[in-house]
Amino acid sequence: MRDAWHGALGVGDPDLRSAVLRLVFEKAWAATGVPGSFQRSVEKASGPGPTVSAARFRPHGEQCAGSWVVFPPTWPSGLDPVAALVAAALEALPDAQRAVVSLRDEQGCTADEVCEYLALGAVQQRALLHRGRARVRQVVEEYVVPTRRSLDVG
């Protein structure tokens, strides 16, 4: 069923795609039973503070200031075992982050489309996408290199 929806929404009239996705999101938001819950999720999920700990970057005054102290690990090429981790990490994201990451990375929507579908500003969309991706990346990184769990992300 999911593949059929992907196929239907991936081709054809962009206005139809926009209208269908808007209806799906409105129905999902209404199902929460709490008016304004998505907007509160947006505000909470795109809140202040760094997404990645400053301790992971070289401090000012050092050579290559601002670059990684230790580069993030390379992910394994066979990501089948990681797919379940990624799915679980996506499900654990706040609603707003999950919606933005899903639309951008799973559905292939553009930033402008996501802003339109979710009634978000460009800055909010970027912050939600960045924070959501960072949380998913942290889960995968902890799986790939368990000894790096002390490196605080987000």
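Here the structure is a predicted model, which means the values were calculated and not measured. The chain is numbered in sequence order, starting from 1.
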Inset, instruction - Could you grab the distance from atom CG of Asp112 to atom OH of Tyr117, nearest 0.5 Å is fine? - result: 10.5 Å
Legend entry - Beyond-backbone contact of Val100 with Leu118, side-chain heavy atoms, under 4.5 angstrom: yes
Inset, instruction - Kindly say whether Ser67 contributes a backbone atom to a donor-acceptor pair with the side chain of Arg58 at under 3.5 angstrom? - result: no
Inset, instruction - Locate the shortest heavy-atom distance separating Pro59 from Ala65; write the atom from each residue and the value. - result: O-CB, 3.3 Å
Inset, instruction - Check salt bridge (charged side-chain N to carboxylate O under 4.0 Å, His left out) between Arg126 and all other residues, then give those that pass, not counting sequence neighbours. - result: none
Legend entry - Interatomic distance, Leu120 atom CG to Leu103 atom CG [nearest 0.5 angstrom]: 9.5 Å
Inset, instruction - Scan Leu93, Asp105, Leu128 and name whichever one has a side-chain contact (heavy atoms from CB on, under 4.5 Å) with Arg133. - result: Asp105
Inset, instruction - Show your reasoning for whether side-chain contact (heavy atoms from CB on, under 4.5 Å) applies to Val139 and Val86. - result: CA-CA 7 Å; Val139 169; Val86 171; over 6 Å; no
Inset, instruction - First locate atom CG of Leu85, then atom CD of Glu141, and finally report the distance between them rounded to the nearest 0.5 Å. - result: 13.0 Å
Inset, instruction - Enter the distance from Arg135:CZ to Gln97:CD here, rounded to the nearest 0.5 Å. - result: 4.5 Å
Legend entry - Exercise: do Arg104 and Gln125 side chains pair donor with acceptor under 3.5 Å: yes
Legend entry - Spacing of CZ belonging to Arg137 relative to CD belonging to Glu142, to within rounding of 0.5 Å: 12.5 Å
